[in-house]
Every structure is written in C-alpha cells, then in structure tokens.
Amino acid sequence: MSTLIPPPAAPQPPGWRMVRLLGTVSLICGILIVGTNLATSARIRHNQEIIMRDSVAELLPGIQKQIIYGVQASGDLKILPGLEEGGQRLFAGYDGSGRLIGIVIESNARGYADLISAMYSYSPEKQAITGFKVVDMRETPGLGDRVRSDPDFLKNFDDLDVRIVDGKPVNPVKVVKHGSKKNVWEIDAISGATISSRAVGKLIGTSVQDVLPVVRKNLERIERGE
Amino acid sequence: MSDQVSCHTTGAPEITAEGSPFLNGLWKQNPVFVMVLGMCPTLAITNSVRNAVSMGLATTFVMVVSYGLISMIRKLIPKQVRIATYIAILAMAVTVVDFLVKAVSIPIYLALGAYIPLIVSNCLTLERAEAYAGKQPVVKSMLDGLGMGFGFTLALTMLGAVREVLGAGTFLGVHVFSKNFEPWVLFLLPPGGFISLAMWLLFFAAWRERSAKRATERVEAQTGMAGAVEARA
C-alpha cells in the first residue's frame, strides 16, 4: 500500500512582502517614466518646433521671413510672438524683398485611426493650394500612411484650385476614385486607402471653407506684413 | 502549463537554457516561425520592410532593457506577483522608449509612433520574461532578449519583404517591377498577412521535416554500419 505524497508546496510569502515588492516596483517605474518625461519634454518641444519650421520652409521655397498669425473667433487675425499652442495658425512667408510668397495653413481631420494633422500652402496669387504635408498621424502603415509619402497622391496638391468668390469656394474640394480625376479641384484617392484619402479631402475642404475666406478678407494686411 | 504564461499552445519544443541564448532566439527558437508568438505585430505591421525592421528593433530594445531589470530582481519577486511585476517593468520600458524616440528624432517617431505602444501587449515579451529572464542571470537574459529581438526582426523583415514586393511592387520603397505591374493590394491588407505567414510557416515546417529525416537516415546508416562490423566480427 502506498499513499500519494503531494509535492512540497513553495512556502507562502507573507502578504506584506508581496505588496511591498509591487509597491516598490511601481514606484521605481513611476519615477523612471516621469523622470524621462521631464527630461525629454523640452527636447520634444524643440523637435516639434523644428519640424514645424522645416515644414513651412519646405512648403514655401525661397522663404526668408515668416509671420505667424492666429485666427480669432471674431474672424480677425492677430500676430503671434512664437509657436504658441492652440488655435488656428497661419504662417505667412515672405521672400528677401518682403513680398508675400504664400501662406501655410494648419488643419486636421479624423482619419482611419486617429487625427491627421497637416499643413498646406496657399498661393493667394494663383488662388490655389501649392503643397501639402502631413505633420502627425496614426494611419495604417503601408496603406493609409501613404497620404504622407505617396508621390502620385502628393501631386494632387501641386496646383489644387480653391478659388474663393464672395467668401465661398467656387468648387468645393472633392476626393474621387483612384484614376478618375478630371478637374483641377479634385483629389485623386490612393487605391486601397480610400478612408485616409477622404480624410485628407475633408481636412483641406473644411479648412478652405472656414479659413480661406478669412485669409482673403485680411490679404492686404498679410501682404503688408502687419 | 499551469506556471507558463503563453497565449498560444503551439506544441513548440520546450525552450531550454542550453546553447547560446543569442543564437537560440535568432534561429533555432525563432519567436515567429518556431514559437509562433507575437502574432499581433507580426500580422499587423509587416506590410512594408521599413515598418517591419523598425518594429523589430524597437521590440528588441524594450526586451533587452526590461529583461536586464527583471533578471536583476528575479530573486526578490514572489512567484504569486511575478506577472504583475513583469508587466509593470515592460510597460515602463515601452513608455520610456516612446519618450526617448520622440526626443531623439521626430521623423523616426512618425514612422514608429503607432507601434511602440503595441510592444507592451506583444505576448513574446511577456513569454520570454516568464520562461527565461525570471530564472536566468542578467547577462544571459539580456542576450536572450537580444537574440529573440533580432530573430523577431528577421522574421518580420522576411514577411514584410514578401508583402511589400507583391502588394506594392516595391522593396524599401524602390520599385522592383516594370510600370506594367499591377500591385496585389490584398497582400498589404490583413488577409495578405495570414497568407504570407502561412507560406513561410509551410517552408519552415518542410525544412524541419527534411533535416529531421536526414538526421534519422544518418543515425540509421551509422547503426547499420556498426551492425555490419559486429556481424563480420
């Protein structure tokens, strides 16, 4: 007759020991996370400002001087001293002789995954969009994220007609199926990334409707750089 | 199985601490093709080579750092609270990497930002903490993290290459086919991930079977020869 002997169980550590360990680990992890956040926040802010400045320079080649305007609720413009957070911002770019080259406008729209933040350059002379650049997004890698890099898609914004008459766009920006673009105010979507393409269309469309009339109204002031 | 943390029951051979921990993860116990772990990023982000490499390297960094820490305090952790401890350390490492990448370079962050938080929910990271780093010394654990990380990167890159070439007609963004090539968009979408993974797993299964067969043949030939020698004697 043999009796089954259960294997010896590991000794049960006292409860306070487990709580103490978990507490200590959480505390150390917390300190490391907050410490890294504090140590990197200035640098991250600096990097974002560089990205912003580079994006404006890329969208407005030949820029020598820029003035940042904030759009106020009343529809007026106010010169901002620096890259302050919040609110609709316009970056007016001037060449060496002080002539207005173009205006970079920030906008965002909900994409497939999250908000897509972008900037586009507007030429008051041509009344057209002359460039587009995504600043931040979380779109599906390989599909939606091509709105940032696909050269054929970006070609849409080399000369996108956004004429404003009586404070309204003449031809609202429209996203069309890949390969069926016929007019200069249409955006040719990326095949397989319709949602992200449409989001970009909305991003530009709403901004054209809301911000461009303000720009047209204040254009003389912007040209003078006041 | 009661003590093992694993989200897949793959019937993969048991992982032992024998051999070089680095080479083990890189090839023999490849996390994707042999252990079939970490399927979420494997299927979700391998639709281009660049994404695959970036995700693999970010995961490697998190694994090396957190396995070093886990191994350092492994003797202090009571068994009952080990998983909570591992998760806390992994989540900390992921958050720190997130901040650091943002501080070092915004373009890299833009390319990687969407995946970094995924690393903490990658079951490979927890599985190796449980199976290896919680039991082995610091250097060996970090080497295991490095090997597993590189093995993961390699596997992701192999999948990414198939999907990018077939799905977009490019490799690392460079066109590899003539202009007449119509990209097979399916390969960029989730089903393409499953199809390419299945192709690679099939390849590895056939390869393993072949090498096992060869090994048996070799043993048989040797015993046969020994038998002949005995008979002659």
Side-chain angles (χ1 to χ4, degrees), chain A residues 9-15 17-52 54-55 113-114 117 134-146 148-151 178 190-193, chain B residues 44-52 54-55 66 69-70 73 76-82 84-107 109-115 117 160 163-164 167-168 173 182-183 185-190 192-193:
Chain A
Q12 172 73 29
R17 227 191 101 199
M18 296 192 265
V19 172
R20 190 186 62 184
L21 177 96
L22 279 177
T24 317
V25 169
S26 312
L27 183 71
I28 295 172
C29 288
I31 292 172
L32 285 173
I33 290 174
V34 175
T36 321
N37 184 9
L38 292 178
T40 52
S41 65
R43 185 74 206 264
I44 291 171
R45 216 182 149 70
H46 174 73
N47 278 349
Q48 277 164 340
E49 282 179 12
I50 291 178
I51 289 281
M52 205 66 98
D54 289 353
S55 306
D114 203 346
S117 301
V134 174
V135 183
D136 197 7
M137 64 159 186
R138 297 278 175 280
E139 297 303 281
T140 318
L143 284 175
D145 76 339
R146 281 155 61 197
R148 186 178 62 207
S149 53
D150 190 298
H178 179 65
I190 297 174
S191 69
Chain B
I45 61 99
T46 52
N47 45 17
S48 80
V49 174
R50 197 198 62 189
N51 292 342
S54 314
M55 179 62 173
S66 46
L69 288 172
I70 289 172
I73 60 162
L76 301 172
I77 309 175
K79 208 175 132 210
Q80 290 82 347
V81 294
R82 68 191 190 287
T85 315
Y86 299 159
I87 294 265
I89 292 176
L90 282 166
M92 181 272 294
V94 169
T95 316
V96 166
V97 167
D98 196 54
F99 287 136
L100 288 181
V101 172
K102 226 190 244 182
V104 170
S105 158
I106 296 270
Y109 181 76
L110 276 178
L112 269 184
Y115 324 124
R163 293 181 68 184
E164 191 184 333
E182 184 62 38
V185 181
L186 175 80
F187 270 87
L188 294 183
L189 298 168

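Source: prediction; values computed, not measured. Labels below follow one simple rule: chain letters A, B, ... track the order of the sequence lines, proteins then strands, and each chain is numbered from 1.
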Please classify the contact of [X] with chain B as side chain, backbone, both or neither, using a heavy-atom distance under 4.5 Å.
X: A:I51; value: side chain
X: A:I33; value: both
X: A:V135; value: backbone

Reported [atom1]-to-[atom2] distance for the pair [X] and [Y], which is rounded to 0.5 angstrom:
X: A:N37; Y: B:K102; atom1: CG; atom2: NZ; result: 8.5 Å
X: B:K79; Y: A:M18; atom1: NZ; atom2: CE; result: 11.5 Å
X: A:I44; Y: B:Y109; atom1: CD1; atom2: OH; result: 8.5 Å
X: A:L21; Y: B:R82; atom1: CG; atom2: CZ; result: 13.0 Å
X: B:D98; Y: A:T40; atom1: CG; atom2: OG1; result: 9.5 Å

Select one option (side chain, backbone, both, neither) describing which atoms of [X] are under 4.5 Å from chain A's heavy atoms.
X: B:L69; value: neither
X: B:T95; value: side chain
X: B:A168; value: neither

Next on the checklist: Suppose we screen for side-chain hydrogen bond (donor to acceptor under 3.5 Å, both in side chains). Which residues come up paired with B:T46, at least two apart in sequence or across chains?
Outcome noted: B:R163
Checklist entry - What is the minimum heavy-atom distance between B:P78 and A:P13, and which atoms define it? => result CB-CG, 3.8 Å
Item to check | Taking every non-hydrogen atom, the tightest pair across B:T85 and A:L22 | outcome: OG1-CD2, 3.7 Å
Next on the checklist: Can you confirm whether A:T24 sits close enough to B:L76 that some side-chain heavy atom of one is under 4.5 Å from a side-chain heavy atom of the other?
Outcome noted: no
Next on the checklist: According to salt bridge (Lys or Arg N to Asp or Glu O under 4.0 Å), who are the partners of A:D54, at least two apart in sequence or on a separate chain?
Outcome noted: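 If we apply the salt bridge (Lys or Arg N to Asp or Glu O under 4.0 Å) test to A:D54, skipping adjacent residues, there are no hits.
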